[in-house]
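Below is one structure, written out as structure tokens, with a few remarks after it.
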Number of protein chains: 2
Amino acid sequence: MTERPFHHGNLRAALLDEAVTVLRSSGVDGLSLRDLARRVGVSHGAPRSHFVDRQALLDALAVQGFDRLRQRAREAFAAGRDLPDRFHRVAQAYVDFAIDDAALMELMFQAKADGGGEAVQEAAVALFTELDQAMGPRRADTDDGDRDAFKLLFAATMQGIAALVASHRIPRPEGDRLIDVAMTMMLGSELAARTIGEGEVGAGSS
Amino acid sequence: MTERPFHHGNLRAALLDEAVTVLRSSGVDGLSLRDLARRVGVSHGAPRSHFVDRQALLDALAVQGFDRLRQRAREAFAAGRDLPDRFHRVAQAYVDFAIDDAALMELMFQAKADGGGEAVQEAAVALFTELDQAMGPRRADTDDGDRDAFKLLFAATMQGIAALVASHRIPRPEGDRLIDVAMTMMLGSELAARTIGEGEVGAGSS
DNA sequence: ACCTGAACACCGTTCAAGT
DNA sequence: ACCTGAACACCGTTCAAGT
């Protein structure tokens, strides 16, 4: 009897969920609006009611991706004991996400030639804000430029390591080792000493 | 009289050249075999004689891209005076390339779900070999793992910075500054001291 | 060996029409 | 407000046929 007369009101969410699945198995190229509609059981024109464009759906996926990555980063940070451990965990979570959802990550960092996609940029900013909080309170004696540089460099390095693994340039374990090396290098740098926490980076016995 | 009876034998090269142009103006999505054939003035089936697949053309573009990037890296390295300067120039060249040809760079580092694309991997390996030579001769007292880690970390960092700029997450000048910060950090690290050149990293007055 | 042109299945997008 | 279904222009890919 419940043969679903139309769709039950959550078509937008259903399309996005299905899209994430397809994205993981077939990549961005395998993602078509018509196929998505077919899988969910609506006509090919139906998605138009929720996404003006194919790009609009991709943007929505990117926003969702940034939110999920931010969540992961937050959890990883909370699970760490001292500051180095926290950074390490966030780095690992970042790279894991980028590799396991490589196609999604691709979407999140695509060129986006047109001016559109403001929501995506907003979601990206939220992620960076999360990273900023992970660095602890701003110190009066720290140059904001240095702090931003450290944060950006952290993100860039993780992104780069993930790209190497995702493109099969290096195997995953080597990527993990690279994370260790990178974190040791970054946390041991002068820049880190100048910018992070309350001098609690060298977590030895004071 | 020379109304070109068919095509003059270099259709493959003509298609690739046109593809690079389209890639720069319209991205990967704007790249279609039929459109390419139209621009070059052949029938839509003609490209098939040189590329079995659309993917085959994309792979060929990626190989070309890696070769060009390797050339750029080689030139940048040669133009540098001391080792830090050389590294800095290679880094700048790498990021410049990645930003100016962002769509091509995307192709070069795509997941490539299928096993295919061995030629692409080969071209990528050649680039890394070039980077390895830039690090100077291997030293007997250096762990090969450390040396590889430094090399990979260098590439990953540049790749990550380029991704941040290409996706408009940060403006280009900030990307350039980030290169400076990254190189200072990397070259000043213990890992660098253990792996690079003949202790000539700290290029001060001995 | 290289290219043409018809054919097929698939897309994104638009839009009048239904409920 | 949300969805259907026909329509249009565009693709990638295949393949018999031409030169």
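Letters A, B, ... are given to chains in the order of the sequence lines, protein chains preceding strands, and every chain is numbered from 1.
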Watson-Crick or G-U stems of DNA chain C, 3 or more pairs, under 3.5 Å, by first number: C:4-8 with D:12-16, C:12-16 with D:4-8
Residue pair Gln71(A) / Asp67(A), side-chain donor-acceptor N/O under 3.5 Å: no
Distance-only donor-acceptor test (3.5 Å): side chain His44(B), base dA6(C): yes
Euclidean distance, atom CG of residue Leu15(A) to atom P of dC2(D) [Å, nearest integer]: 13 Å
Parallel, tilted or perpendicular: rings of Phe109(A) and Phe66(A) (30°, 60°): tilted
Nearest-angstrom distance from the residue atom CG of Asp29(B) to C1' of dT13(C): 16 Å
Short side-chain to backbone donor-acceptor contact, Asn10(A) and Ala13(A), under 3.5 Å: no
CZ-CD distance between Arg74(A) and Glu130(A), expressed to the nearest 0.5 angstrom: 4.0 Å
Separation of atom CG in Leu57(A) from atom P in dC11(C), rounded to whole Å: 14 Å
Any Ser43(A) side-chain nitrogen or oxygen under 4.0 Å from OP1 or OP2 of dT4(D): yes
Donor-acceptor pair, side chain of Arg24(B) and main chain of Asp100(B), under 3.5 angstrom: no
Under 3.5 Å: donor-acceptor pair, side chain of Arg72(B), backbone of Tyr94(B): no
Closest nucleotide among dT4(C), dC11(C), dT13(C) to the Asp53(A) side chain: dT13(C)
Spacing between Leu33(B) atom CG and dC11(C) atom P, to the nearest angstrom: 18 Å
Ring centroid separation Phe87(B) to Phe154(B) under 6.0 Å: yes
Short side-chain N/O contact from Arg54(A) to OP1 or OP2 of dC11(C), under 4.0 Å: no
Under-4.0 Å side-chain N/O to phosphate OP1/OP2 contact, His50(A) with dA1(D): no
Donor/acceptor link under 3.5 angstrom from Arg48(A) side chain onto base of dT4(D): no
For atom CG of Asp35(B) and atom P of dA9(D), their distance in whole Å: 17 Å
Side-chain N or O of Arg38(B) closer than 4.0 Å to phosphate OP1/OP2 of dC11(D): yes
Contact nearer the 5' end of DNA chain D, comparing Ala46(A) with Arg34(A): Ala46(A)
Length of the CZ-P vector between Phe51(B) and dC3(C), whole Å: 11 Å
Sugar-phosphate, base or nothing in reach of Ser32(A), heavy atoms under 4.0 Å: sugar-phosphate
